[in-house]
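To find a chain, count down the sequence lines: A is the first, B the second, and so on, and within it residues start at 1.
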Protein chains: 2
Amino acid sequence: MSSTSQRARSGEAGAAADTRERIVRSASRLFQRQGYEASGIKLIAREADATLGSVYHFFPGGKEQLAVAAIRHGEEEFADMLRAGLEGDADAARAVEAFCGELATALRKSDWADGCPVTTTALETLGRVPAIQEACQGALRCWQEVIADKLRRSGFAAEEAGELSATVLSTLEGAETLSQIHRSEQPLRAAGRHLAVLLGAVHAE
Amino acid sequence: MSSTSQRARSGEAGAAADTRERIVRSASRLFQRQGYEASGIKLIAREADATLGSVYHFFPGGKEQLAVAAIRHGEEEFADMLRAGLEGDADAARAVEAFCGELATALRKSDWADGCPVTTTALETLGRVPAIQEACQGALRCWQEVIADKLRRSGFAAEEAGELSATVLSTLEGAETLSQIHRSEQPLRAAGRHLAVLLGAVHAE
DNA sequence: ACGCCTCTGGAACGAACGCTCTAGTCAGAC
DNA sequence: GTCTGACTAGAGCGTTCGTTCCAGAGGCGT
């Protein structure tokens, strides 16, 4: 993962690697908040306290390569949040509902700005930038697998868990978008309740 | 260009209105496919067989005003599709599932390009262009009301229909996005099946 | 016939875009 | 010391952006 050997120094903790990560984090946050096209590389660099030279040093592939890195960063960040959130309750239905509540609270706290870290970029570049689309596919697959794993450990059959996890993720994504646009926790809260009902109904079969 | 004399030939009353509508349709389709920021006004005009002068004549408020008109156009278009699709079956659960199938087929036929006509633009401009955000809120509210109406006519209590319609729309939006990114009908098909289960479970209570 | 008004066509503007380029700084290897 | 390679800094490239502006074209009331 680390690029070279110059981070062996521990005192200042790899200034270069640190710059790279600041750039990725800045890009990820800007893409999440206002999308790919509206986030200029110069702005990304400024927000990361870096310069254009640094950006193109670490990402010679330009904005596209930076976007792929940013998507992957968002993938891991949200996967961690998802795993942690679903651990709270042994019952999958209650865990999913609780996670919707967490998502709603976090979204409101960011003034409805920090939604899904990949959806906006994914929709903007669909069918036009294959590398970005593949990164987004990977992120969604990762999150879906986290959900499917929780469902399986909660007693769902493997095949059923695979299909249900797709719908759970779809509903989470859609409800998050609706909550952002309406500036209201209601869509996410309703989604949580109804996903719990759905999981309960399927489980009872 | 033969466009100089086409008006004299047709002699129809709405020649100007026709240009305006071509511009709106072109804008709506481009915003739907590649978002607000990536769709330049010059490209919109070209695709509509219009000129910059025409665009700024009909939309002196510039790109923002054009976007609002495009969103409203998409709102009506999708509302019609939703109403027609839900009419197919008296039972709301089966109607919703069938509509998911229609959506999936249409999406595949467009090579996964023609998704929700407002989501991309909405996410890109969230919190930065109030007029566009309000138009998007209006579109979502309209579609949700179409769904809620179907649920009420299908025997759901008014309050329940209001909440359920939010989740149905969330799931539709999210599943459409997932289908586009994965280039697969599967997320939409699964969403349809599970929404039918959910509506059945709530109805049985 | 005339002027009036709506609508069209496109040149031009400043700003911002992604990106390239070169000069410079700095740490460690020799 | 000198060299080397990784990293920083930012001026500047060509292009495209949204927008403005104005000179016409066409239909219409008079």
d(CZ, B:Phe59; C1', C:dC7) in whole Å
14 Å
Is the count of non-hydrogen atoms from other residues, nucleotides or ligands lying under 6.0 Å from B:Arg72 atom CZ greater than 12?
no
Whole-Å gap separating P (D:dG18) and CD (B:Gln65):
15 Å
Roughly, in whole Å, what's the span from CD1 in B:Ile23 to P in D:dG18?
14 Å
Here's a test for you: under side chain to side chain contact (heavy atoms under 4.5 Å, CB included), which of A:Glu185, A:Glu176, A:Arg108 qualifies with A:Leu103?
A:Glu176
On the 0 to 90° scale, with breaks at 30° and 60°, tag the A:Phe31-A:Tyr36 ring pair as parallel, tilted or perpendicular.
tilted
Given atom NE2 of B:His57 and atom P of D:dT20, what is their separation to the nearest angstrom?
15 Å
Which heavy atom of A:Leu52 sits nearest to which heavy atom of A:Ala45, and what is that distance?
N-CB, 4.2 Å
May I ask you to verify if any side-chain N or O of B:Thr19 is less than 4.0 angstrom from the OP1 or OP2 atom of C:dT8?
yes
Considering all heavy atoms, the nearest B:Val24-B:Leu66 contact
CA-CD1, 4.5 Å
With the sugar-phosphate defined as primed atoms, P, OP1 and OP2, and the base as all remaining atoms, what B/S/- string results for nucleotides 12-19 of chain C, 5' to 3', for protein heavy atoms under 4.0 Å?
B-----BB
Any side-chain N or O of B:Ser54 less than 4.0 Å from the OP1 or OP2 oxygen of C:dT8?
yes
Does anything in residues 121-132 of chain A come within less than 4.0 Å of DNA chain D? Heavy atoms only, and list the residues if so.
none
What verdict does the salt bridge (Lys or Arg N to Asp or Glu O under 4.0 Å) test give for A:Arg141 and A:Glu145, after you've listed the backbone C-alpha separation in whole Å, the side-chain angles of each residue and the deciding distance to 0.1 Å?
CA-CA 6 Å; A:Arg141 243 191 317 263; A:Glu145 181 50 34; over 6 Å; no
note: B:Leu66, atom CG; D:dC17, atom P; distance rounded to Å ~ 14 Å
From the list B:Leu164, B:Val168, B:Leu195, side chain to side chain contact (heavy atoms under 4.5 Å, CB included) partner of A:His194 resolves to B:Leu164
What do you reckon, is CZ of B:Arg193 surrounded by more than 12 foreign heavy atoms closer than 6.0 Å?
yes
